[in-house]
Amino acid sequence: MAAVSGGGGSGADGGSSGEEDAGGSAAESRYRAACRACGVTPASGLLRRTAGPVLSLRHRGLGPRGAKALALSLMVDTSILMLDLSDNWLQGEGAAAIAEMLKENCYISAVDLSDNKLGSEGAKAFSAMLLENTTIVSLQLSGNEFDDHAAKYLADALTANSKVEILDLSYNMFGDKAGEILGTAIAENIGLKELKISWNHFHSQGAAALAKGLGANIYLKVLDVSYNGFGNSGAAALGEALKANNVLEELNVSNNRISVEGALHIAAGLKENKSLKRLNMTRNPMQSEGCCGVLKALQANSGTGIEILDLPPFLWSPKKRETQIKIVLKNKVDKKFLHTKSVLIHQLV
């Protein structure tokens, strides 16, 4: 039987739908039975997989019904620890089925549902799941058309769940209202260590709220807010957050419309911050003045932890980097800062 397209929710990628083989694994038997119950063709990628803790069914066109069949088969599975279902057009219905399974399965610890058009329905289902699940530590939900309404559900999960350590919400449709909602949740969260929320629509108000949440958070170590629209007001809030936060180690604010004014606000935070190790500020119109302000702030901070600094192109050429940094800092640069600490200053050329 030919596989139905992913949009129709077949759960197939062109695999066989024959009767289960004699002596087949219990997991395969469960999956075939679930497919028959849901009226879908088994995914050949699952039938052919080698036994192991990782189940990857990327780009298979599972659809909602295929997700239901898979969820039924995984309900009591104890061998799968990592589940990758990215780009399968699961939609909210399919996400709900996977979420119900994850309420029962206490073995899967890493889930990737990126690019599945989950929408608000999917966000609601996963939020409810995260209120019960205590096993998942890594959750990838990028590219799922989450908007401000979906943010309300996700914020509830962020506030209550302390087990998820890595969360990817990039490439969604969050706006300023979502920034306010998520910012409050970030402030209260006690489990996240890495948050990616790049490629959204956070501007001044929403960006400031996110930054305020960062300032109050004492667990987050990696934050990526690149490709948003923080602007100078968002940068000012980030600067204040860096003064208060001494846990964050990596921050990416590239491509955020941060000009000289915003760069100097961040510099003010860097002058006091002791924990940040890597900072990416590329693709911002900071000009030489903004870049110099950041360097001067780091030089003034004897306890800075910065090891890798990515700035937009400005005064120096790669061949004369040390000499030109000295000129930028008016010959006050400390060679210990440049060499003993092995600080790497990168530029996009």
- prompt: Around Lys243, counting heavy atoms of other residues, nucleotides and ligands shown, do more than 12 lie under 6.0 Å from its NZ?
  reply: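 Yes, enclosed.
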
Heavy-atom count check: over 12 atoms from other residues, nucleotides or ligands less than 6.0 Å from Met75 CE?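 Yes - once you tally the heavy atoms of other residues, nucleotides and ligands closer than 6.0 Å, there are more than 12.
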
Checklist entry - Any side-chain donor-acceptor pair under 3.5 Å between Ser226 and Asn256? => result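 Side-chain D/A pair, Ser226 to Asn256: absent.
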
Does the side chain of Trp199 pick up a donor-acceptor pair with the side chain of Tyr171 at under 3.5 Å?
->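 On atom types as modelled, these side chains qualify, holding a pair under 3.5 Å.
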
Does the [X] side chain pair with the main chain of [Y], one donor and one acceptor, at a distance under 3.5 Å?
X	Y	answer
Asp147	Phe174	no
Asn144	Leu113	yes
Asp115	Asp87	no
Asp148	Gly175	yes
Asn88	Leu57	yes
Asp176	Gly206	yes
Arg65	Gly39	yes
Asn228	Asn200	yes
Asn284	Val253	yes
Asp224	Ile197	no

Considering only heavy atoms from C-beta outward, does the side chain of [X] approach that of [Y] to under 4.5 Å?
X	Y	value
Leu210	Leu182	yes
Leu270	Thr304	no
Val247	Leu220	no
Thr159	Asn189	no
Leu85	Ile98	yes
Cys35	Val40	yes
Ile80	Tyr107	no
Leu139	Leu141	yes

[atom1]-[atom2] distance between [X] and [Y], expressed to the nearest 0.5 angstrom:
X	Y	atom1	atom2	result
Thr282	Leu279	OG1	CG	9.5 Å
Asp156	Lys124	CG	NZ	11.0 Å
Leu74	Leu102	CG	CG	8.5 Å
Met281	Cys291	CE	SG	7.5 Å
Leu248	Ile218	CG	CD1	13.5 Å
Leu158	Leu167	CG	CG	6.0 Å

Using 4.0 Å as the upper bound for N to carboxylate O, is an ion pair formed by [Y] and [X]?
X	Y	answer
Arg30	Asp77	yes
Lys68	Glu93	yes
Asp84	Arg58	yes
Asp310	Arg278	yes
Lys103	Glu100	yes

If two hydrophobic side chains count as joined below 4.5 Å and joins carry through other members, does [X] share a cluster with [Y]?
X	Y	answer
Leu154	Ile186	yes
Val225	Val294	yes
Leu242	Leu264	no

Identify the two heavy atoms, one from [X] and one from [Y], that lie closest to each other, and give their separation to 0.1 Å.
X	Y	value
Asn161	Leu130	ND2-O, 2.9 Å
Ser275	Asn245	OG-O, 4.0 Å
Leu131	Ala160	CD2-CB, 3.5 Å
Ala187	Ala216	CB-CB, 3.8 Å
Asn246	Lys274	OD1-N, 2.8 Å
Glu261	Asn232	OE1-ND2, 3.6 Å

- Message: Apply side chain to side chain contact (heavy atoms under 4.5 Å, CB included) to residues Leu90 and Leu118 and explain how you reach the verdict.
- Response: CA-CA 7 Å; Leu90 300 187; Leu118 303 187; 4.3 Å; yes

Subject >> Candidate list Ser86, Ser142, Ser170, test side-chain hydrogen bond (donor to acceptor under 3.5 Å, both in side chains), partner Ser114, passing option >> reply: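 Result for side-chain hydrogen bond (donor to acceptor under 3.5 Å, both in side chains) with Ser114: Ser142.
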
Under the criterion side chain to side chain contact (heavy atoms under 4.5 Å, CB included), I'd like the reasoning laid out for Val164 against Leu192: C-alpha separation, chi angles, the key distance, then a yes or no. CA-CA 6 Å; Val164 175; Leu192 273 184; 4.1 Å; yes

Please step through side chain to side chain contact (heavy atoms under 4.5 Å, CB included) for the pair Leu70 and Leu72, ending with a clear verdict. CA-CA 5 Å; Leu70 180 62; Leu72 286 173; over 6 Å; no

Go through it in stages, so that I can follow the logic: the residues are Phe230 and Leu238, the test is side chain to side chain contact (heavy atoms under 4.5 Å, CB included), and I'd like the CA-CA distance, side-chain angles, deciding distance and then a yes or no. CA-CA 9 Å; Phe230 270 48; Leu238 277 175; 3.7 Å; yes

